[in-house]
Amino acid sequence: MKKQIIAGLLAATALLSFGCSGRNAEFGVVDMRAVESEAAVVKTVQEEVTTKGKALQEEMNAALEGKTGEERQKVMEDFTSRMNVVRSEAQNKLKASLDTALNEVAKEKGLGAVLIKDAVPQGGVDVTQDVIAKMK
């Protein structure tokens, strides 16, 4: 899930950079580890995935009873596919929340771009707490 969040941040950064007017435009930095550990929406989405995963596991176990060979394989593939959909939906929800928060913070603070803090050796306005507060 971290890779998808980072990918979303990079996409948002590219979009924000495109609108950057001038070489010396101010930029923001965001600590993704802090976002992942502090943003309430991340915890909520993780809990939803866990709950749905447990329910699917129980459903799969019941469906597997009495099945052998190919039938068993088909049931497992179906439930694996359904779990992948749950994870994908969760990733999309987090990406949308992050992108919206980044865009709002960048606009409010007049920033040309928001970059990952670990990728910036120095400089930039730390907007981590602002992003966390806006993530829904």
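No hydrogens, no waters, no symmetry mates; every other heavy atom, side chains included, goes into these values. Counting begins at 1 with the first residue of the sequence.
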Output all residues satisfying side chain to side chain donor-acceptor pair (under 3.5 Å) with [X], sequence neighbours left out; order by chain, then residue number.
X	answer
Gln73	Glu77
Asn92	none
Arg72	none

If you round to the nearest 0.5 Å, how far is [atom2] of [Y] from [atom1] of [X]?
X	Y	atom1	atom2	value
Phe27	Leu111	CZ	CG	9.5 Å
Gln91	Leu98	CD	CG	13.0 Å
Met76	Ser81	CE	OG	13.5 Å

Any donor-acceptor pair under 3.5 Å from Ser88 side chain to Asn84 backbone: no
Without swapping roles, check the side chain of Thr50 against the backbone of Gln46 for a donor-acceptor pair under 3.5 Å. yes
Contacts under 3.5 angstrom, residues 60-68 side chains, donor-acceptor by atom type, not counting sequence neighbours:
unit_1: Asn61; atom_1: OD1; unit_2: Gln57; atom_2: NE2; d: 3.2
unit_1: Asn61; atom_1: ND2; unit_2: Gln57; atom_2: O; d: 3.3

Would a 4.5 Å heavy-atom cut-off, applied to side chains only, mark Val29 and Val127 as touching? no
Flag side-chain contact, heavy atom, 4.5 Å: Val41 against Leu94: yes
Taking it one step at a time, do Val30 and Lys117 satisfy side-chain contact (heavy atoms from CB on, under 4.5 Å)? CA-CA 5 Å; Val30 65; Lys117 191 173 189 175; 6.0 Å; no
List the residues meeting side chain to side chain contact (heavy atoms under 4.5 Å, CB included) with Val86, not counting sequence neighbours, and say none if there are none. Val49, Lys52, Leu56, Met83
Could I get the full list of side chain to side chain contact (heavy atoms under 4.5 Å, CB included) partners for Asp78, not counting sequence neighbours? Arg82
Test side-chain contact (heavy atoms from CB on, under 4.5 Å) on Lys93 and Glu48 and set out the steps. CA-CA 11 Å; Lys93 184 175 182 177; Glu48 288 174 7; 3.5 Å; yes
Kindly list each side-chain donor-acceptor pair under 3.5 angstrom involving residues 128-136, sequence neighbours excluded, with atom names and distances?
unit_1: Thr128; atom_1: OG1; unit_2: Asp31; atom_2: N; d: 2.8
unit_1: Thr128; atom_1: OG1; unit_2: Asp126; atom_2: OD1; d: 2.6
unit_1: Gln129; atom_1: NE2; unit_2: Glu38; atom_2: OE1; d: 3.2
unit_1: Asp130; atom_1: OD2; unit_2: Lys109; atom_2: NZ; d: 3.3
unit_1: Lys134; atom_1: NZ; unit_2: Glu108; atom_2: OE2; d: 2.8

Of all the heavy-atom pairs spanning Val114 and Ala106, show the shortest one and how long it is.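 Looking at all heavy atoms of both residues, the shortest contact is CG2-CB, 4.1 Å.
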